[in-house]
Amino acid sequence: MNDNSTFRLSEVFGPTLQGEGRLIGTPCYFIRFGGCDYRCSWCDTWYAVDPETVRETAPLRTGQEIYDEMKTLGGVAEWVILTGGNPVLWPLGNFIDLLHGKGMKVSVETQGSVWKTWLLDCDHVCMSPKPPSSGMDVAHPQWEKHLRAMISKLQTNSVDHDLKIVVFDNDDIEFVRLLRTMFPDTRLDISVGSATPGRPYTLDHFEGVVDSREAYLTRAEALASRLLHDPDLGRCRVLPQYHVLLWGHKRGV
Ligand code: SF4
């Protein structure tokens, strides 16, 4: 690739396991790009969102430099997860070509707010529209229009894609219900949100619960039981955040 475009690289780590969504448990590398058009209340990667922190801690790197750094990590994972922030803010088409040229598969994680044609070149696109607990459904009222357009293009071009909703409270469950209605044929995973300081759970009787592994599993079990008896949501998959179970909120895994 002869491309000197540079991108804010917040971190590259792995090999590790994808902790959420369709690729859960799959060995992979994560490449986290700095910059995001959202400001979710419970964002757990603020260092890749806050513009000042991004400027100070995320150096500008070319695609080749990012690939070289990833290779120094060792391991044999086949998948690369492009995440953020919102990686779709960046022109990553040539970088994806480079990764494919090295025999790697590319998955992208985005909230679905911005379209780039290079999404059509990805092996998998995971869209994670943000529920009411994030505050972003109100802050970005156009989210529905942008998501519809993105899913329509991915479907038309047969790009593997799905939805993943992180659920924190009852309003978030209603948000999932809405998405299930809007996109009845799209695979939808519900991810049990993990509490972070300042963001306790409010799902029924779990209000204020501490963020321990056991408490997290208790919430996951309760959410699963509830959804299995919900006629609208029974076709969703309920998944834990596997990486949180294994490693908590530690960075770099
Ligand atoms: Fe954080 Fe993701 Fe929300 Fe951006 S979209 S603020 S990275 S949780």
Side-chain angles (χ1 to χ4, degrees), residues 7-13 16 18-24 28 30-58 80-90 92 107-116 119 122 124-151 161-169 171-172 175-176 179 188-202 211 216 239-244 248-253:
F7 320 106
R8 290 276 175 197
L9 177 66
S10 186
E11 58 185 346
V12 48
F13 60 90
T16 184
Q18 170 58 291
E20 298 181 272
R22 173 168 92 72
L23 295 175
I24 190 168
C28 60
F30 275 84
I31 297 175
R32 189 182 307 285
F33 293 89
C36 190
D37 44 327
Y38 275 25
R39 300 288 183 270
C40 300
S41 64
W42 35 252
C43 180
D44 58 358
T45 54
W46 188 242
Y47 53 92
V49 174
D50 176 53
E52 197 177 327
T53 308
V54 168
R55 261 194 313 275
E56 286 172 3
T57 64
V80 179
I81 315 292
L82 307 182
T83 190
N86 183 1
V88 186
L89 298 180
W90 295 98
L92 296 177
S107 173
V108 181
E109 297 181 328
T110 177
Q111 63 266 45
S113 56
V114 177
W115 172 258
K116 290 273 182 5
L119 285 164
C122 296
H124 174 241
V125 177
C126 178
M127 289 154 288
S128 188
K130 302 306 174 195
S133 62
S134 71
M136 290 300 104
D137 59 326
V138 174
H140 295 268
Q142 299 286 304
W143 70 266
E144 184 179 332
K145 182 177 140 198
H146 293 143
L147 189 65
R148 277 192 190 281
M150 183 175 286
I151 289 182
H161 64 278
D162 47 31
L163 289 161
K164 179 194 72 188
I165 319 297
V166 180
V167 168
F168 281 91
D169 57 27
D171 287 346
D172 291 355
F175 183 76
V176 174
L179 286 164
L188 196 159
D189 292 335
I190 298 172
S191 197
V192 184
S194 51
T196 51
R199 181 64 217 180
Y201 281 83
T202 54
D211 188 18
Y216 181 72
L239 295 173
Q241 293 180 324
Y242 190 29
H243 55 297
V244 171
H249 285 285
K250 214 186 292 176
R251 266 184 80 172
V253 285

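In listed order, ligands and their atoms are each counted from 1. Every value quoted in this text rests on a predicted model; they were computed, and no experiment measured them. Position 1 is the first residue of the sequence, and the numbers go up from there.
- A side-chain donor-acceptor contact under 3.5 Å links H124 and D162.
- A side-chain N or O of E20 and one of S191 form a donor-acceptor pair less than 3.5 Å apart.
- Remark: Y242 OH is loosely packed, at most 12 non-hydrogen atoms of other residues, nucleotides or ligands lying under 6.0 Å away.
- Proximity to T45 (heavy-atom distance under 4.0 Å) selects the following atoms of ligand 1: 7 (S).
- Given atom 7 (S) of ligand 1, the protein heavy atom at minimum distance is G85 N, 3.4 Å.
- When each atom of ligand 1 is checked for a heavy atom of V49 under 4.0 Å away, the hits are 1 (Fe), 4 (Fe), 6 (S), 7 (S).
- Considering only non-hydrogen protein atoms, atom 1 (Fe) of ligand 1 sits nearest to C43 SG, 2.3 Å.
- Looking at K130 against ligand 1, only its side chain comes within 4.0 Å, counting heavy atoms.
- If you check the side chains of D169 and S133, you find no donor sitting under 3.5 Å from an acceptor.
- Neither the backbone nor the side chain of D37 comes within 4.0 Å of ligand 1, counting heavy atoms alone.
- Every atom of ligand 1 with a heavy atom of Q111 under 4.0 Å away is listed here by number and element: 5 (S).
- Among all protein heavy atoms, the one lying closest to atom 4 (Fe) of ligand 1 is C36 SG, 2.4 Å.
- Between atom 4 (Fe) of ligand 1 and C40 there is no N/O/S contact shorter than 2.8 Å.
- A donor-acceptor pair under 3.5 Å is absent between the side-chain atoms of K164 and the main chain of I190, judged by distance alone.
- Aromatic ring centres of Y38 and W46: separated by at least 6.0 Å.
- With hydrogens and angles ignored, the 3.5 Å screen pairs no side-chain donor or acceptor of R8 with any backbone N or O of F33.
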